[in-house]
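The chains referred to below are lettered A, B, ... by the order of the sequence lines, with proteins before strands, and numbering in each begins at 1.
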Amino acid sequence: MFLNLLRSSGNLTQISQIHAQIIVNGLALHTQFLSKLIELQSVDYARAVFNQLPSPTDYSWNSMIRLYTVNGFPQHSLSLYSEMLKKDHKPSNFTYPSLFKACSTRSSIEKGKQIHAHVVKFGFQYDLFVNNSLIDMYCKCSCMKSAQVVLDEMPESDEVSWNSIISGYVRVGEIEKARVLFGEVPVKRNVVCWTSLINGHGRKGKLNEMFRLFLQMLVSGDDVEPNSTTMVCLLSACSSPSDCKLGNWVSLFIDVNQIPVTTILSTALIDMNSRCGDLDKAQRLFDGLSGKNLVSWNAIITGYVQTARFEEAVRLFDLMQTHSVKPNEITVVNVLSACSGLGALELGKRLHIYLGRNGLDLNVIVAAALVDMYTKCGRVTDACLVFVKTPNKDVALYNTMILGLAYNGHGSESLAVLAEMERNGTRPNDMTFLGVLSGCNHSGLAEEGRYMFSDMVKKYGLSPKIEHYSCMVDLLGRAGYLYEAFELIQNMEISPDSFIWSSLLSSCRIHRNIELADEIAAVIMSSQNPNSGSCILLSNIYASVGRWKDVIRMRKLVKEKGDKKPLGVSWIELNGSVHKFVVEDVQHLQSKEIYEIHKFLTDQLKAEGYVPTFDCVSS
DNA sequence: ATAGGGTTAG
């Protein structure tokens with residue numbers, strides 16, 4: 001009778017009345033009753049009700065333990081279990097599944113092992129549900145050996161046992177082991193089983209094999225229908241723009257087969273479309289999503305950040321908060337990255353404060369985003385503070401710091417950070433050296449740069465990419481080692497691009513070496529397709545020595561190519577809002593005043609004797 | 001009453 005009343009009851013008054021009756025009659029506390037209390041109130045309220053029970057039954061203890069676990073309070077679940085034992089209340093086979101779920105993190109595995117011993121002590125080691133939850137716990141803690149022992153020793157296993165262990169091997173990346181078990185499954189392979197294996201291949205980037213398995217599943221004798229989760233796995237594997245076609249095929253499959261589009265599936269579709277660069281489609285999906293959650297907001301914000309549409313990203317971030325969705329670490333990392341792109345220091349600082357105030361995890365990824373933001377906004381000291389305080393630094397964080405120091409002109413400090421990372425046993429990679437070399441370049445440390453370049457190859461066995469060569473050519477060229485730079489280009493195992501030649505030409509101009517410029521010109525002109533940048537540089541060099549015929553020849557070449565450079569854009573943040581400026585643009589509300597002040601400043605400079613150089617500017 | 005697969009960050 002009470003149960004039916006509970007099912008239909010909607011508000012707390014009714015619940016309380018039923019509750020009173022239950023207590024009067026000395027009945028056990030029912031899960032559905034407690035669940036309803038949580039729905040209307042909180043776990044604390046449910047606990048208060050539990051505490052009032054004169055003599056809680058098995059049922060009541062198990063329900064309360066379970067509620068703590070499913071509502072995200074695993075530690076409470078465990079301490080209630082201790083209390084239960086202290087009060088000499090015997091656990092039942094129903095007690096353990098939620099306890100093992102509560103121990104499904106790496107940090108709680110020791111506790112889980114202890115409770116595993118209780119299972120044996122109380123004689124539940126043959127219970128299917130208990131063993132299945134044990135397998136799941138060991139898998140979630142990456143203890144595959146223990147999980148395998150439980151599976152091998154249980155008297156009978158079912159689909160759930162095998163699905164758990166297969167997904168466990170997928171989780172730890174042992175895809176081959178997962179495949180072997182998949183082939184040995186003694187029970188029916190259902191959609192969960194197939195989906196786990198499909199997911200495993202997707203996560204390893206084996207897209208061909210993944211789709212082959214998917215098609216195999218459709219025609220297999222297992223009579224399995226793919227569902228939303230299967231689609232999510234397929235979509236999340238299509239992570240690079242080259243997988244666009246596959247992603248769209250999955251999209252179409254969902255439509256044609258009317259797979260239910262859950263919030264998670266919709267989020268995966270948003271993510272896939274933004275990775276393919278179709279932000280409009282992603283935005284439309286997002287707009288149409290009724291159950292937007294934190295992850296969906298993060299997915300769309302990520303889309304805008306990764307296509308460099310920073311202003312839109314920040315706008316969505318503000319909008320998200322007006323919808324009372326609280327940002328997490330992932331949100332903050334993305335918006336910080338937008339701040340780096342915009343130079344939005346004020347917003348960046350607010351995010352830094354937000355992280356601390358809300359107890360978010362300052363992990364290495366967050367730290368790198370902060371360091372990047374501060375250095376791109378010119379706040380090297382603030383970046384260093386974050387960097388120094390971060391434990392367990394990884395190579396990417398080191399690289400961010402080194403590069404940040406580099407383009408702020410702190411070359412020797414970036415060398416010091418490299419030395420520190422070597423002391424800490426973090427192996428530098430090619431990005432590290434790009435940072436260090438560019439630091440040497442920006443600070444004119446030619447000798448150190450040369451030394452680092454040779455270390456990179458000889459000490460670490462890294463093969464330089466075109467970016468490293470460009471940096472070295474620029475470094476040597478600026479320092480006047482023009483022929484060394486020229487030789488470096490000629491000895492590269494990669495073919496030089498136009499930027500590297502432009503860089504050397506620019507050095508020839510600085511050091512007024514016409515001979516080498518002529519030599520380079522010969523190389524460039526005989527090659528494929530000289531770019532207009534190089535031609536402009538050459539024309540400037542010829543102009544400086546009065547070789548007007550050559551100037552005209554170069555200008556003609558540039559005109560013929562007629563390629564347009566993208567307009568230069570700059571941003572400035574003022575009182576927390578970002579202002580954007582494009583060359584010659586009059587979009588800004590105060591553009592008239594801005595140009596007036598600009599003219600005033602230019603006039604002042606000229607009055608002080610400033611003469612703008614136009615020899616680098618052309619056409 | 002108890003168990004299994006999935007989405008977002010450098």
On the side chain of [X], is there an atom forming a donor-acceptor pair with the base of [N] - under 3.5 Å, no angle test?
{"X": "A:Ser196", "N": "B:dG5", "result": "no"}
{"X": "A:Asn399", "N": "B:dG10", "result": "no"}
{"X": "A:Asn190", "N": "B:dG5", "result": "no"}
{"X": "A:Asn363", "N": "B:dA9", "result": "yes"}

(request) Measure from the side-chain heavy atoms of A:Asn199 and tell me the nearest of B:dG5, B:dA1, B:dT8. (result)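 Taking heavy atoms from C-beta onward, the closest nucleotide is B:dG5.
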(message) Let's see if you can work this out: which of B:dG10, B:dT2, B:dT8 has an atom nearest to the side-chain heavy atoms of A:Val333?
(response)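 Looking only at heavy atoms from C-beta outward on A:Val333, the closest nucleotide is B:dG10.
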(message) Going by side-chain hydrogen bond (donor to acceptor under 3.5 Å, both in side chains), A:Arg179 matches just one of A:Glu174, A:Glu184, A:Glu209. Which one?
(response)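 Checked A:Glu174, A:Glu184, A:Glu209 against A:Arg179; only one passes side-chain hydrogen bond (donor to acceptor under 3.5 Å, both in side chains): A:Glu209.
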(request) Indicate yes or no: does A:Arg379 engage A:Asp382 in a salt bridge with an N to O separation below 4.0 Å. (result)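 Looking at A:Arg379 and A:Asp382, the cut-off is met.
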(request) Identify whether the distance between the nearest side-chain nitrogen and carboxylate oxygen of A:Asp280 and A:Arg284 falls below 4.0 Å. (result)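 No, no charged N to carboxylate O under 4.0 Å.
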(message) Please classify the nucleic acid contact of A:Ala396 as base, sugar-phosphate, or nothing, using heavy-atom distances under 4.0 Å.
(response)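 Here A:Ala396 touches the bases of the nucleic acid.
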[N] OP1/OP2 closer than 4.0 Å to side-chain N/O of [X]:
{"X": "A:Gln306", "N": "B:dG10", "value": "yes"}
{"X": "A:Lys140", "N": "B:dG5", "value": "yes"}
{"X": "A:Arg275", "N": "B:dA9", "value": "yes"}

(request) Please determine which of A:Phe122, A:Phe124, A:Tyr138 meets the ring-ring contact (aromatic ring centres under 6.0 Å, His included) test together with A:His116. (result)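 Exactly one candidate clears the test, A:Tyr138.
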